[in-house]
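Numbers for residues simply follow the sequence, beginning at 1. Atoms considered below: every heavy atom in the structure, side chains included; atoms not considered: hydrogens, waters and symmetry mates.
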Amino acid sequence: MKPIFSKGTSLTVRVIFFALLSVLLMTVDAQSQWLKPLRSSAGLVLTPLYWVGDLPGRSLDRLSQMIASRTDILAENEKLRADILLMQRRLQKLAALTEQNVRLRELLNSSALLEEQVVVAELLGVDPNPQTHKLLINKGSTRGVYQGQPVLDARGVMGQVVEVMPYSARVLLMTDSTHSLPVQVTRNGLRAIASGTGHPGIFELRHVADNADIKEGDLLVTSGMAQRFPAGYPVGVVTNVQRGTGQPFAVVQATPAAALDRSRHFLLVFAEGREPEFEHDLEMDMTLPEDMGEEAPDPELVPHESLPQAPEQTRPAGENT
C-alpha cells in the first residue's frame with residue numbers, strides 16, 4: 001500500500017493536511033447527514049474506551065463519598081452517644097431530686113410534730129474511720145448550733161452535736177461506742193441506757209435486768225431523763241433479747257429508727273430557752289468561706305457529692321407547711 005505521505009514529507013505539511021481534513025469532516029458532518037452512520041459506529045467502538053478512561057475519576061469520586069459518608073456517620077454516632085449520656089445524666093439527676101424531695105417532705109412533716117424549734121441542716125461529709133461514727137453538717141454557731149444539741153432525721157434520733165464551728169458542726173451518731181442516751185420502752189415505760197456498739201445499725205441496752213419485761217419488737221423512745229434529748233423521740237426497735245447468759249443483766253440489742261447511713265438532711269432541735277440565729281444569709285450558711293481555713297472540713301472527712309441546697313426551715317412545731 002502506498003503511504004499518504006512520502007518519506008521526505010515534513011511534519012508541518014502533515015499537520016496542515018490533518019487540520020484541513022478535520023475541518024472538512026466537521027463541515028460535512030454539520031451540513032449533511034452523510035457521516036452520521038460512521039459517527040454512530042465510531043461512538044459504539046469508542047464507548048468502552050471512554051468508560052475505561054473515566055474509571056479512575058469515578059472511582060476517586062465514589063471513594064471520597066464513601067469516606068465522607070463514613071465520617072459523617074461516625075460523627076453523628078458520637079453526637080448521639082453524647083446526647084444519650086446527657087439524657088441519662090439528666091434522668092439520674094431527676095431521680096435523685098425526686099428522692100431528695102420525698103426526704104425533705106418527710107423531714108418537714110416530722111418537724112411539725114416537734115414542740116421545740118428546729119433548723120434543717122445538710123450533710124457535708126462522713127468520717128471514714130470505722131472506729132468512729134461522725135458526720136459533718138453545714139450549720140454552726142452562726143446559726144445558734146450548740147454542743148450537745150440533739151440531731152434527728154425524718155425517722156428518729158441520729159445523735160448529738162459534739163463539736164461546733166462557726167459554719168459547720170460535727171455530729172456523733174448514736175451507734176458510736178462512746179455515745180449513750182437514756183431511753184424507755186413505749187409499751188410499759190421500762191427505762192434503760194442505749195449505748196452504741198461501734199457497729200453500724202446496731203446499739204444495745206445496758207443494765208437491763210435479766211427478768212425485765214422487754215421483748216423483740218418493742219419501740220424505744222427518748223425518756224428525757226438526761227435533760228438533753230426531749231422525751232418522746234423515736235430511737236429504735238428491739239431486735240434481740242438474750243436471757244440466762246449467766247450475767248446479772250440481759251443482752252438486748254436494737255436497730256436505730258433513723259437512717260444513719262442514708263440520711264442527707266437533718267433536724268437540729270433547740271432546747272427550751274435556746275433560739276436559732278438569723279444574723280447571716282442562707283448562702284453563707286450553705287457554703288463554707290474560703291478564707292477560713294481553720295473552719296474548713298476535716299481533711300479526713302469524705303465529702304459527699306454536691307446536691308441542690310435544702311431550704312432552711314425554722315419554726316415552732318405547731319405550724320403546718
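Interatomic distance, E204 CD to Q253 CD, rounded to the nearest 0.5 Å: 7.0 Å. Rounding to the nearest 0.5 Å gives a distance of 8.5 Å between OG of S177 and CG of L172. Note: L173 CG to Q160 CD = 10.5 Å, rounded to the nearest 0.5 Å. With values rounded to the nearest 0.5 angstrom, T197 atom OG1 is found 5.5 Å from I202 atom CD1. From D127, atom CG reaches atom OG1 of T132 across 3.5 Å, with rounding to the nearest 0.5 Å. How far NE2 of H179 is from NZ of K134: 12.0 Å, rounded to the nearest 0.5 Å.
Checked by atom type and distance alone, the side chain of R155 never pairs as donor or acceptor with a backbone atom of A257 at under 3.5 Å. Panel note: side chain R243, backbone A212; a donor-acceptor pair is recorded below 3.5 Å. When atom types are taken as modelled, the side chain of N188 and the backbone of D213 share a donor-acceptor pair closer than 3.5 angstrom. Side chain of T222 to backbone of P230: a donor-acceptor contact under 3.5 angstrom is found. Under a 3.5 Å cut-off, the side chain of T175 and the backbone N or O of G201 do not form any donor-acceptor pair. Formation of a donor-acceptor pair under 3.5 Å by the Q147 side chain with backbone atoms of V162 is found in this model.
In terms of heavy atoms, D153 sits closest to A259 at OD2-N, 2.9 Å. In this structure, S168 and L124 approach most closely via the heavy-atom pair CB-CD1, 4.5 Å. In this structure, V164 and S141 approach most closely via the heavy-atom pair CG1-N, 3.5 Å. Contact detail for L219 and G236: the closest heavy-atom pair is CD1-O, 3.5 Å. Listed here is the closest heavy atom pair of R143 and F270: O-CZ, 3.7 Å.
Within the structure, every pair that satisfies the salt bridge (charged side-chain N to carboxylate O under 4.0 Å, His left out) test and touches residues 217-230, not counting sequence neighbours, is listed here: R187-D218. Among residue pairs with one or both ends in residues 125-151, none qualify as ring pair (Phe, Tyr, Trp, His ring centres under 6.0 Å); sequence neighbours excluded.
Through direct or relayed side-chain contacts under 4.5 Å between Ile, Leu, Val, Met, Phe, Trp and Tyr, F249 connects to no other residue.
Contact of the V151 side chain with the L268 side chain is registered, since non-hydrogen atoms from C-beta on lie closer than 4.5 Å. Within the 4.5 Å cutoff, the side chain of L267 has heavy atoms near those of the V120 side chain. Between V269 and Y233, the closest side-chain pair of non-hydrogen atoms falls below 4.5 Å. The shortest side-chain heavy-atom distance between V171 and F266 does not fall under the 4.5 Å cut-off.
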Where do L135 and M158 land on the side-chain contact (heavy atoms from CB on, under 4.5 Å) test, with the steps shown first?
-> CA-CA 10 Å; L135 305 177; M158 292 281 298; 4.0 Å; yes
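V237 and V208 are assigned to two separate hydrophobic clusters, defined by single-linkage of ILVMFWY side chains at heavy-atom distances under 4.5 Å. I193 and V238 fall into different hydrophobic clusters, where Ile, Leu, Val, Met, Phe, Trp and Tyr residues are linked whenever their side-chain heavy atoms come under 4.5 Å apart, directly or through other members. Taking hydrophobic clusters as Ile, Leu, Val, Met, Phe, Trp and Tyr residues chained together by side-chain heavy-atom distances below 4.5 Å, L260 does not share a cluster with V221.
Scanning for ring-ring contact (aromatic ring centres under 6.0 Å, His included) contacts around H199 gives an empty result, with sequence neighbours left out. Not counting sequence neighbours, E216 has no partner by the salt bridge (Lys or Arg N to Asp or Glu O under 4.0 Å) test. Under the side chain to side chain contact (heavy atoms under 4.5 Å, CB included) criterion, A194 pairs with L181, V183, F203, L205, sequence neighbours left out.
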